[in-house]
Peer 1: 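The structure's right below; bear with me while I get my questions together.
In what follows, residues are counted from 1 in the order of the sequence shown.
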Amino acid sequence: WWSGVGLGINAIGNPQHGLTYPPTWLLAVLPSLWGADLLIVLHLALFGFGVARLSRRLGASPMPPAIAGAAGMLSGYATSMVVMGVPLMSMAWLPWVLVAADGIARADARRASVKAAALFGVAFALLVMAGDPAAAVTGSLASVLWLLARAPRPVRALGWLALGGLVAVVLSAATWMPAIAVIAESNRAGGVDAAAATSWSMHPLRALEWFSPGALGIPADPSTDLGAIYATAATDPSMGSGWALSLYLGVPLRVGIALGASSERRNRFLLLASLVFVVLALGHYTPLYGGYRWLFLPEQLIRYPERHLAGALVIWLPLAGLGLHRLTTGEVARSR
């Protein structure tokens, strides 16, 4: 998208090079290809452990959150991100950002709030340093929505969240400052145009994949991929296979999400909040995205609305762990 990338720009200016992200320094001492694979696997595990920890914050006992974390690691979206690399590394920090945000929401003393804000700053800084700006936007929105659902005093909690965000800005400065300098020289300086930004919007029919893998065919086989067939037939040229090759969740997660969200009012609010990311993922298939993009300037620097599904996933998975806890402890009748 820009001829300067990889051809003379300051290497540190492109966050995807990972020069300012400490975990990538492993590659300096490990065999390159093996080390790159290990880096991805470690981040996939980090994502799963973060989901489990966040589910524990909702009140679930250890085993159901472990199941939710493992299922999340094997979900269609997470496994699709394995081939993307950097987006997976940033996504791996999303549940930990929400763990820290939940700490702010539940802090009952000034000292606890300071500690929680500092932890939020560290987690969010690592998300930014991992290199995917879209995850930073998703993480910001998810943190605010999580606080609104979980904090007894939301206004106070938002103040501490803002302080944590300031900590993240300082800690991640080595990543974002060179990136801003490079953006000023690139064709993204004025933002990405709407047509490019909304490519890989999630087609509404792709929601079927939450329930059935390959509901629209197999993207690797063009002859059976309904998305490719729709695009080829010009029925919907932008449908294609999407940013993620699969969106499958699995039966245990879907059952758990329903049971977890029904446990109390604030969890129902979390489920409703997750739909914000589903709407954003629809991109040009809804008129709301254009208005949101016009109001929220950071969105103008990123592409592919389907990336926002990570925000919904990181809310659904902890709720699934809570729902499975309710099922295994007999809180909910198994027949239900």
Side-chain angles (χ1 to χ4, degrees), residues 50-51 54-55 57-58 72 75-78 81 87 90-91 93-102 104-105 120 124 127 132-151 154-155 157-158 161-162 165 194 197-198 200-207 209-210 242-244 247 249 253-254 257-258 260-262 264-320 322:
V51 164
L54 189 56
S55 191
R57 297 282 308 187
L58 293 179
S75 66
Y77 192 88
M81 289 306 101
S90 289
M91 188 179 81
W93 291 104
L94 273 177
W96 294 102
V97 165
L98 294 189
V99 166
D102 194 72
I104 294 175
F120 177 84
F124 204 93
L127 182 152
D132 181 21
V137 173
T138 298
S140 301
L141 293 174
S143 300
V144 171
L145 293 171
W146 191 276
L147 274 191
L148 293 178
R150 297 276 292 167
V155 175
L158 286 172
L161 187 75
T198 56
W200 277 339
S201 296
M202 187 186 80
H203 193 285
L205 285 177
R206 292 208 71 194
E209 294 180 21
W210 299 340
W243 165 253
L247 303 181
L249 286 175
L253 292 186
R254 289 186 281 113
I257 291 166
S262 64
E264 54 181 299
R265 182 179 178 181
R266 61 187 178 186
N267 290 336
R268 288 192 289 272
F269 181 88
L270 279 176
L271 183 60
L272 288 174
S274 71
L275 299 182
V276 170
F277 298 103
V278 175
V279 172
L280 291 179
L282 292 172
H284 66 72
Y285 290 108
T286 169
L288 297 176
Y289 184 75
Y292 157 77
R293 191 169 177 270
W294 179 75
L295 288 172
F296 195 62
L297 297 182
E299 187 76 17
Q300 297 183 15
L301 292 175
I302 61 179
R303 300 180 293 174
Y304 316 145
E306 196 171 275
R307 300 166 87 166
H308 287 303
L309 276 181
L313 189 66
V314 83
I315 293 175
W316 291 342
L317 292 171
L319 286 176
L322 177 61

Peer 1: With the side chain counted from C-beta on, respond yes when L161 and S143 share a heavy-atom pair under 4.5 Å apart, and no when they do not.
Peer 2: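 Counting from C-beta outward, L161 and S143 do come under 4.5 Å.
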
Peer 1: Set out, in order, the CA-CA distance, both residues' side-chain angles and the distance that settles side chain to side chain contact (heavy atoms under 4.5 Å, CB included) for I302 and D132, then state yes or no.
Peer 2: CA-CA 9 Å; I302 61 179; D132 181 21; over 6 Å; no

Peer 1: Any side-chain heavy atom of W96 within less than 4.5 Å of one from L54?
Peer 2: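 Side chain of W96 against side chain of L54, heavy atoms only: no contact under 4.5 Å found.
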
Peer 1: Please report the closest heavy-atom contact between T138 and A310, naming both atoms and the distance.
Peer 2: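 Where T138 meets A310 most closely, the heavy atoms are CG2-C, 4.4 Å.
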
Peer 1: Rounded to the nearest 0.5 Å, how far does CE of M81 lie from CG of L309?
Peer 2: 9.0 Å

Peer 1: V137 versus F296: any side-chain heavy-atom pair under 4.5 Å?
Peer 2: yes

Peer 1: How are the rings of H308 and F277 set relative to one another: parallel (under 30°), tilted (30 to 60°) or perpendicular (over 60°)?
Peer 2: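 Tilted.
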
Peer 1: Between S55 (side chain only) and V51 (backbone N and O only), is there a donor and an acceptor less than 3.5 Å apart?
Peer 2: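 Such a contact is absent between S55 side chain and V51 backbone.
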
Peer 1: Say you draw a straight line from CG of L58 to CG of D102; how long is it, rounded to the nearest 0.5 Å?
Peer 2: 6.5 Å

Peer 1: Within the side chain of S90, is there an N or O that forms a donor-acceptor pair under 3.5 Å with the backbone of P87?
Peer 2: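 Side chain of S90 to backbone of P87, a donor-acceptor pair under 3.5 Å: no, none is there.
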
Peer 1: Any heavy-atom pair between the side chains of L253 and W316 that's under 4.5 Å?
Peer 2: no

Peer 1: Do the side chains of W243 and P305 get nearer than 4.5 Å, heavy atoms only?
Peer 2: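 A side-chain contact is absent here, since even the closest heavy-atom pair is not under 4.5 Å.
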
Peer 1: With rounding to the nearest 0.5 angstrom, report the CD to CG distance, E306 to L280.
Peer 2: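 E306 CD to L280 CG: 12.5 Å, rounded to 0.5 Å.
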
Peer 1: Quick one: does Y77's side chain have a donor or acceptor within less than 3.5 Å of a partner on R307's backbone?
Peer 2: yes

Peer 1: Check R293 against A194 and note the closest heavy-atom contact, atom names and distance.
Peer 2: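 Looking at all heavy atoms of both residues, the shortest contact is NH1-CA, 3.9 Å.
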
Peer 1: Please check if the distance between the ring centroids of Y289 and H284 is under 6.0 Å.
Peer 2: no

Peer 1: Which value, rounded to the nearest 0.5 Å, describes the distance between T198 atom OG1 and R303 atom CZ?
Peer 2: 11.5 Å

Peer 1: Can you give me the closest heavy-atom contact between Y285 and P204, atom names plus distance?
Peer 2: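 It is CG-CD, 3.9 Å.
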
Peer 1: Closest approach of R150 and R57, non-hydrogen atoms and distance?
Peer 2: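 The pair with the smallest heavy-atom distance is NH2-O, 3.1 Å.
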
Peer 1: Please round to the nearest 0.5 Å and tell me the distance separating atom CD1 of I104 and atom CG of L98.
Peer 2: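 That separation rounds to 11.0 Å.
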
Peer 1: May I ask you to test the L313-L317 pair for a side-chain heavy-atom distance under 4.5 Å?
Peer 2: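 Yes; the side chains approach each other to less than 4.5 Å.
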
Peer 1: Can you tell which of V276, V279, L141 makes a side chain to side chain contact (heavy atoms under 4.5 Å, CB included) with Y292?
Peer 2: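 When V276, V279, L141 are each tested with Y292, the side chain to side chain contact (heavy atoms under 4.5 Å, CB included) holds only for L141.
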
Peer 1: Looking at every heavy atom in both G283 and S201, which two are closest together, and how far apart are they?
Peer 2: CA-OG, 3.4 Å

Peer 1: Which atoms form the tightest heavy-atom contact between A273 and L145, and what is the distance?
Peer 2: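 Nearest heavy atoms, A273 then L145: O-CD1, 3.8 Å.
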
Peer 1: For the pair E299 (side chain) and W294 (backbone), establish whether a donor and an acceptor sit closer than 3.5 Å, ignoring hydrogens and angles.
Peer 2: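 Looks like no, no N/O pair under 3.5 Å.
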
Peer 1: Hey, which of I257, I315, L319 is the one that makes side chain to side chain contact (heavy atoms under 4.5 Å, CB included) with N267?
Peer 2: L319

